[in-house]
Amino acid sequence: MIPFNKPYLTGKETKYIEEAVASGKISGNGIFTQKCQAFFEEKYGFRKALLTTSCTDALEMCALLANINPGDEVIVPDYTFVSSALAFVRQGANIVFADSYDNNPNIDANKIEELITEKTKAIVVVHYAGIACDMEKILSIVNKHNLILIEDAAQAIDSFYTFKDGTQKALGSIGHLGAFSFHETKNIISGEGGMLTINDEKFINRAEIIWEKGTNRSMFFRGEINKYGWVDTGSSFLPSEIISAFLWAQLENLNDIQQKRLEIWDRYYNGLKNNSKISLPIIPEYATNNAHMFYIICENLDDRTALIKKLKDNGILAVFHYLSLHKSEYYNQKHDKRELPNSDHFEENLLRLPLFYELSENEQQRVIDLINEF
Ligand SMILES: *Cc1c(COP(=O)(O)O)cnc(C)c1O
């Protein structure tokens, strides 16, 4: 059996959890949380990082920070996970779904501006498979219309965007706000877990308050005020030290994990690139690859269904991905009826192959051979 995913443990996770427990401080915002946050800020240039209990939570914080109110419009890609839209729907926003490129599941930056109205408040971009969206173009739209830019960087840890002047920035450090996931299916994991990144100074104070149940406790702990109280909306968005301790063990091995995943990704690419019946991921010049995912695009739905079956009959689990959100049971009545053909195309034809740290070369060759035979 070759599973689709197998969470990788570096070996130190339980040791650090024991340390956290023994320290007597196991609630949130302790030493491990702060170590993880400092690591991310230093390595990727986030102005401020706050660990959260999930990426979904981090996106909910974004919706609160962006002051999304009933009737506001938020532009969200159609081909994405539910959370990218849900966080804003909970604040009463109307979601305006944007289509993908025809050869890349990311939001088509050339088709965003036509979706903007006077009610538009924010744009959410999703760096699908950890491959950057066209951030320079999107930033110019955001600045022109005075919108808030939120990066759903759930899949995008350790991936970068290169601007035309050569500057390179980490994904999640470019928009006003960014959201990452450490769910067990991502590159770096803590079971459930996430992170909010704040790149515009003006959101930092309020983010800390929303993170700590609407109180100014973070300022109190830093000695900036002499008592703390309820000052704003918020929730319990911060993870316990047990989660952060787990995450720290992963971060110590981030380079090793990334190198291994990239080797696996390259082996798939080279093994499948001469197969004319499928298309492979396109990495634009401005983007890097963080090997979050390896997907192929089949010629049609029947091909994909048959390929999934063939792989399954041979003990290999390959899985399709998102169902276009505009057609979902929950939102289809509220969708504005526009067709989103490219999103539908990826819904029907995209297939993800097993990719995890412990996938052996032999196992991988079997997957490649079966696809090429097919
Ligand atoms: C995984 C994922 C999420 C949700 O992450 P959680 O940490 O499980 O909440 C959101 N958006 C995208 C694009 C994802 O891939």
Side-chain angles (χ1 to χ4, degrees), residues 4-5 7 28 33 36 40 49-64 74-90 95 97-100 104-107 122-133 135 138 149-159 171-172 174-175 177-197 211 235-240 243-244 246-247 250-251 261 281 287 289-295 319-326 328 330-331 343 346-347 350 352 355-356:
F4 170 65
N5 180 52
T33 301
C36 291
F40 285 120
L50 293 174
L51 295 192
T52 58
T53 51
S54 65
C55 178
T56 304
D57 264 4
L59 289 163
E60 286 182 9
M61 290 185 72
C62 293
L64 292 172
V74 179
I75 297 172
V76 178
D78 190 46
Y79 192 73
T80 182
F81 188 59
V82 175
S83 302
S84 319
L86 183 60
F88 304 90
V89 169
R90 291 192 57 184
I95 305 298
F97 288 114
D99 209 359
S100 306
N104 174 345
N106 278 342
I107 189 167
I123 299 178
V124 180
V125 297
V126 177
H127 305 295
Y128 186 77
I131 311 294
C133 298
M135 296 309 283
I138 293 167
L149 178 58
I150 296 157
E151 297 178 75
D152 180 342
Q155 306 173 8
I157 196 71
D158 204 45
S159 202
L171 302 188
I174 301 167
L177 302 164
F180 287 86
S181 175
F182 307 119
H183 185 264
E184 72 170 32
T185 52
K186 307 298 203 263
N187 292 29
I188 300 296
I189 62 174
S190 62
E192 302 279 353
M195 173 170 65
L196 172 72
T197 56
W211 192 56
S235 189
S236 187
F237 286 117
L238 70 175
S240 88
I243 299 283
S244 304
F246 190 113
L247 184 63
Q250 296 266 313
L251 294 186
R261 293 185 74 99
N289 177 22
N290 73 344
H292 170 60
M293 182 197 300
F294 194 90
Y295 66 81
V319 293
F320 53 82
H321 210 182
Y322 303 128
L323 307 176
S324 299
L325 292 182
H326 78 283
S328 63
Y330 185 68
Y331 213 82
S343 171
F346 293 112
E347 166 181 320
L350 185 146
R352 298 178 293 160
L355 199 175
F356 50 89

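Whatever order the structure lists ligands and atoms in, that order sets their numbers, starting from 1.
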Does ligand 1 have an atom that lies less than 4.0 angstrom from a heavy atom of Ala58?
-> no
With distance as the sole criterion, is a donor-acceptor pair present between the side chains of Ser324 and Glu347 under 3.5 Å?
-> yes
Would you mind listing which atoms of ligand 1 come within a distance below 4.0 Å of any non-hydrogen atom of Ser54?
-> 7 (O), 9 (O)
Can you check whether Glu192 has an N/O within less than 3.5 Å of an N/O in ligand 1?
-> no
At a 4.0 Å threshold, what atoms of ligand 1 neighbour a non-hydrogen atom of Gly193?
-> 7 (O)
Atom 2 (C) of ligand 1: which of Lys186, Glu60, His321 has the nearest heavy atom?
-> Lys186
Measure the shortest side-chain to side-chain distance between Ile188 and Leu251 over non-hydrogen atoms and say whether it is less than 4.5 angstrom.
-> yes
Heavy atom of the protein closest to atom 9 (O) of ligand 1 (residue, atom name, distance) | Thr56 OG1, 2.5 Å
Output all residues satisfying side chain to side chain contact (heavy atoms under 4.5 Å, CB included) with Ser235, sequence neighbours left out; order by chain, then residue number.
-> Phe237
Does one side chain, of Asp57 or Thr52, offer a donor that lies under 3.5 Å from an acceptor on the other?
-> no
Do you see a donor-acceptor pair shorter than 3.5 Å between the side chains of His127 and Gln155?
-> no
Flag for Tyr128-His292: side-chain donor and acceptor within less than 3.5 Å = no
All side chain to side chain contact (heavy atoms under 4.5 Å, CB included) counterparts of Leu355, not counting sequence neighbours = Arg261, Ile264, Trp265, Phe294
What protein heavy atom sits nearest atom 7 (O) of ligand 1, and how far off is it?
-> Ser181 OG, 2.7 Å
Only one of Phe81, Phe97, Tyr331 forms a side-chain contact (heavy atoms from CB on, under 4.5 Å) with Leu325, so which one is it?
-> Phe97
Are Phe180 and ligand 1 in contact, using a heavy-atom cut-off of under 4.0 Å?
-> no
Any N or O of Gln155 closer than 3.5 Å to N or O of ligand 1 = yes
Output the list of atoms in ligand 1 that are nearer than 4.0 Å to some heavy atom of Cys55, sorted by atom number.
-> 4 (C), 5 (O), 6 (P), 7 (O), 9 (O), 10 (C)
So, Asp152 and Ser84: side-chain donor and acceptor under 3.5 Å apart, yes or no?
-> yes
Ligand 1 to Tyr322, heavy atom cutoff 4.0 Å, flagged ligand atoms 13 (C), 15 (O)
Would you check the N or O atoms of Thr80, main chain and side chain alike, for any that come under 3.5 Å of an N or O of ligand 1?
-> no
Minimum non-hydrogen distance to atom 11 (N) of ligand 1, winning option of Asp152, Val126, Ile189 | Asp152
Can you list the atoms of ligand 1 that are under 4.0 Å from a heavy atom of Ala154?
-> 2 (C), 3 (C), 10 (C), 11 (N), 12 (C), 13 (C), 14 (C), 15 (O)
